[in-house]
Student: 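Got a structure for you, questions after.
Note: hydrogens, waters and symmetry copies are ignored here, and every other heavy atom, side chains too, is used. Note that ligands are numbered from 1 as they come in the structure, with each ligand's atoms numbered from 1 the same way.
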Amino acid sequence: MTNEPTEPTATKRDFIREMVAHDLAEGYCEVPITRFPPEPNGYLHIGHAKAICLDFGLAQEYKHLGARCHLRFDDTNPCKEDVEFVNSIQEDIKWLGFDWGDHLYFASDIFQFYYDCAIHLIENGLAYVDLQDRETMRALRGNVTTPGTDSPYRDTTPAENIELFTAMKEGKYPEGAAVLRAKIDMASSNMNMRDPVIYRISYDSHHNTGTQWCIYPMYDFAHPLEDAYEHITHSLCTLEFENHRPLYDWAIENCPVPAKPKQREFSRLNITYTVMSKRKLRQMVEDKLVAGWDDPRMPTLCGMRRRGYPAAAIVEFCQGVGITKFNGNTDVARLENSVRSQLNTNAERRMAVLAPLKLVLSNVPEDFEEEISVAINPEKPELGHRQVKLTRELFIEKEDFMVTPPNKKYKRLSPGACVRLRGGYCIIATDYDLDDEGNVTELRAEIIPDTIGNPAPEGIKCKAAIHWVSSKYGVPAELRLYDRLFGDEAPDANPEGFLASMNKDSLTIITDAIVEPSLAAVAPEFLCQFERTGYFVADRYDHSPEKPVFNRSVGLRDSWSKMNKS
Ligand code: ATP
Ligand code: MG
């Protein structure tokens, strides 16, 4: 006998992980099997990532026992679904680093199974066809304080019900004219148990089964059956399904299923300054308020990927948020901090000038050129250095020079002041040209010899290093600077609707930036820190050596919380 540990490898225990450990110890199951069941009607968002990290994470933690997580497309709804979403969902889960192996399922593959279960219920007097119209049925359901009233169809015989249900299946009724209801308890304090509808008619074409079926199982009926069919042990979902659990258990109890899965609920992820509902995200895409599902400002996984958020940062964030039963609102700064801390240790450094000002080194010859060695990542000295060419004419940031500095705290360039060119010489600003409006158009400075790797000479204060790019070798680039898509902490709570909370300045495009030449050659999705300005990623689709395009993933510091504090 092998002495395999039954303890999961992750140390952080939440109530779900406690339950799974307990269920293994008690023999409820030998191997945990979970599933992630997206409905293919939109792209995955960061909320889904939380569920993915739990479902697939558990399977990883019990890998030694043979645990697994199924990817199941919950596609029992005919009209809204699309192969575009089926493909993107798989791509996004893989990108996060998870794998379903051979366990890819489509709920629509087992329409026959749900149907057989429905027949079984009818035969056992546990389901009936109701021919009342929708309004009457709704009225008879009662409300939280009033019990429901039995439908006149409730006591139809199984034989009659089989006939009616068959007629439904054969397309003899128009949509809405007949439904199949579970016969449970019209007086239940749980509204979901008051003879819920479990099958309805729809003549929409289904992406998988076309027009083969015109009756479709409701989510609450199909979901437990799918879980049982796949031998799922722990069906984990969000809290809004807690009230549906008795119906889940009822279906498992009363249908001829091969396994007895259990449903447990945890709180949804909500994030400040963000909307998460697929319906709302779709609306923004359809109304062209964003460039698409993968617009880098979107909370979708493909949007975050395009924004340059590393998958590892998203996983770390989801793990950090934890699994609880309390619905809260997580500060978006927490996600941004996960991104920043991932990038700070891993991203290479490069130099790029966002708002170029020409700087001439007036005490070197016209054809001056020198290879300067700059650290690839000061946090990781083992990565070594890269060579950057210093020439007589450079670009620096406009904001790194001021004719009249505001105060003594200003450490950058001004006439007579000294700074270091990152990795290179100390320089002293000598003079400058102005245009008619008083803007500086060109700056001249002198290098101080022998200051590469050495401090400035005695008596010269050189307190800052600024980034620079050779004007001879630098490459023009487009930079896209993103800010939060919503200006309100809780856009969903805006009485004028969430769209009224949109931040009009969430995208700034800089078309005349200059970047160091190595950046033209990088592959799409190359991520780096532009020294002093933020973390940038080469756009996944638009970047090319001929036209470099970079998206700002996140700033170097949390500028929002700083703003809110001041
Ligand atoms: P939305 O409300 O955004 O449209 P949904 O719940 O309808 O999402 P599904 O495709 O049905 O989307 O979700 C698949 C799984 O992801 C479900 O198990 C659901 O509970 C989970 N999930 C969806 N949104 C969140 C969230 N914000 N936090 C955690 N889990 C979520
Ligand atoms: Mg759903």
Side-chain angles (χ1 to χ4, degrees), residues 14-16 34-59 69-77 79-82 84-90 92-93 96 98 100 104-108 207 218-220 222-224 226-227 230 232 234-245 248 261-286 293 298-304 314-315 317-330 332 334-335 490-492 498:
D14 47 62
F15 78 98
I16 296 278
T34 56
R35 88 289 170 262
F36 174 65
E39 198 179 341
N41 61 353
Y43 281 69
L44 296 183
H45 52 58
I46 180 90
H48 293 115
K50 173 175 172 179
I52 291 170
C53 288
L54 177 62
D55 293 321
F56 283 94
L58 268 167
C69 177
H70 297 184
L71 171 57
R72 178 201 310 145
F73 287 102
D74 219 322
D75 60 349
T76 50
N77 223 341
C79 50
K80 298 183 291 186
E81 289 137 10
D82 199 317
E84 175 194 353
F85 302 131
V86 168
N87 293 333
S88 71
I89 287 171
Q90 297 188 49
D92 288 345
I93 298 173
L96 278 182
F98 297 107
W100 50 91
L104 174 63
Y105 299 89
F106 288 83
S108 61
H207 79 102
M218 302 301 285
Y219 177 88
D220 278 344
H223 204 83
E226 293 156 20
D227 285 340
E230 294 174 25
I232 300 302
H234 296 86
S235 178
L236 308 173
C237 62
T238 34
L239 277 181
E240 68 272 22
F241 291 102
E242 198 167 20
N243 274 332
H244 299 236
R245 198 205 292 177
Y248 183 102
K262 60 159 94 167
Q263 170 185 303
R264 289 295 180 271
E265 311 80 16
F266 63 93
S267 64
R268 291 178 89 78
L269 175 68
N270 299 306
I271 299 188
T272 58
Y273 298 97
T274 308
V275 301
M276 207 92 92
S277 133
K278 264 187 279 187
R279 185 180 59 75
K280 291 176 181 168
L281 299 179
R282 177 177 314 116
Q283 187 182 345
M284 289 192 287
V285 172
E286 282 170 1
W293 286 96
M298 290 281 269
T300 50
L301 296 181
C302 54
M304 291 185 175
I314 294 173
V315 172
F317 165 76
C318 290
Q319 285 167 346
V321 167
I323 302 294
T324 68
K325 279 238 169 219
F326 310 105
N327 275 322
N329 213 2
T330 302
V332 70
R334 202 162 158 179
L335 172 62
D492 288 318
F498 76 102

Student: Using a 3.5 Å cut-off on N or O atoms only, is Phe266 in polar contact with ligand 1?
Tutor: no

Student: Got a second to check how far Arg264's CZ is from Phe15's CZ, nearest 0.5 Å?
Tutor: 9.0 Å

Student: Please compare His48, His223, Lys278 and report which has the shortest non-hydrogen distance to atom 1 (P) of ligand 1.
Tutor: Lys278

Student: Can you find a pair of side-chain heavy atoms, one from Met298 and one from Met284, that are under 4.5 Å apart?
Tutor: yes

Student: Based purely on interatomic distance, does Ser277 place a nitrogen or oxygen under 3.5 Å from a nitrogen or oxygen of ligand 1?
Tutor: no

Student: From atom 26 (C) of ligand 1, work out which of Gly47, Cys53, Pro40 has a heavy atom at the shortest distance.
Tutor: Gly47

Student: Classify the contact between Arg279 and ligand 1 as side chain, backbone, both or neither, using a heavy-atom distance cut-off of under 4.0 Å.
Tutor: neither

Student: Below 3.5 angstrom, do we get any N/O pair linking Ser267 and ligand 1?
Tutor: no

Student: Closer than 4.0 Å to some heavy atom of His45 - which atoms of ligand 1 meet that?
Tutor: 3 (O), 24 (N)

Student: Go through Tyr43 and Phe85 one step at a time and tell me if the ring pair (Phe, Tyr, Trp, His ring centres under 6.0 Å) criterion holds.
Tutor: CA-CA 6 Å; Tyr43 281 69; Phe85 302 131; 5.6 Å; yes

Student: Whether Glu265 and Arg245 form a salt bridge (side-chain N of Lys/Arg under 4.0 Å from carboxylate O of Asp/Glu) is what I want to check.
Tutor: yes

Student: Take Leu239 and Arg268 through the test side-chain contact (heavy atoms from CB on, under 4.5 Å) and record every step on the way to the result.
Tutor: CA-CA 7 Å; Leu239 277 181; Arg268 291 178 89 78; over 6 Å; no

Student: Check this for me, if you would: do Arg35 and Glu226 make a salt bridge, where the nitrogen-to-carboxylate-oxygen distance has to be below 4.0 angstrom?
Tutor: no

Student: Yes or no: does Phe241 have any heavy atom under 4.0 Å from an atom of ligand 1?
Tutor: no

Student: Check whether any N or O atom of Asn41, backbone or side chain, sits under 3.5 Å from an N or O atom of ligand 1, and answer yes or no.
Tutor: no

Student: Is the closest heavy atom of Glu240 to ligand 1 under 4.0 Å?
Tutor: no

Student: With respect to Leu301, which candidate in Ile314, Ile93, Ile89 satisfies the side-chain contact (heavy atoms from CB on, under 4.5 Å) definition?
Tutor: Ile314

Student: Can you list the ligand 1 atoms lying under 4.0 Å from a non-hydrogen atom of Ala51?
Tutor: 16 (O), 21 (C), 30 (N)

Student: Can you list the ligand 1 atoms lying under 4.0 Å from a non-hydrogen atom of Thr238?
Tutor: 19 (C), 20 (O), 29 (C), 30 (N), 31 (C)

Student: Show your reasoning for whether side-chain contact (heavy atoms from CB on, under 4.5 Å) applies to Met276 and Asp492.
Tutor: CA-CA 9 Å; Met276 207 92 92; Asp492 288 318; over 6 Å; no

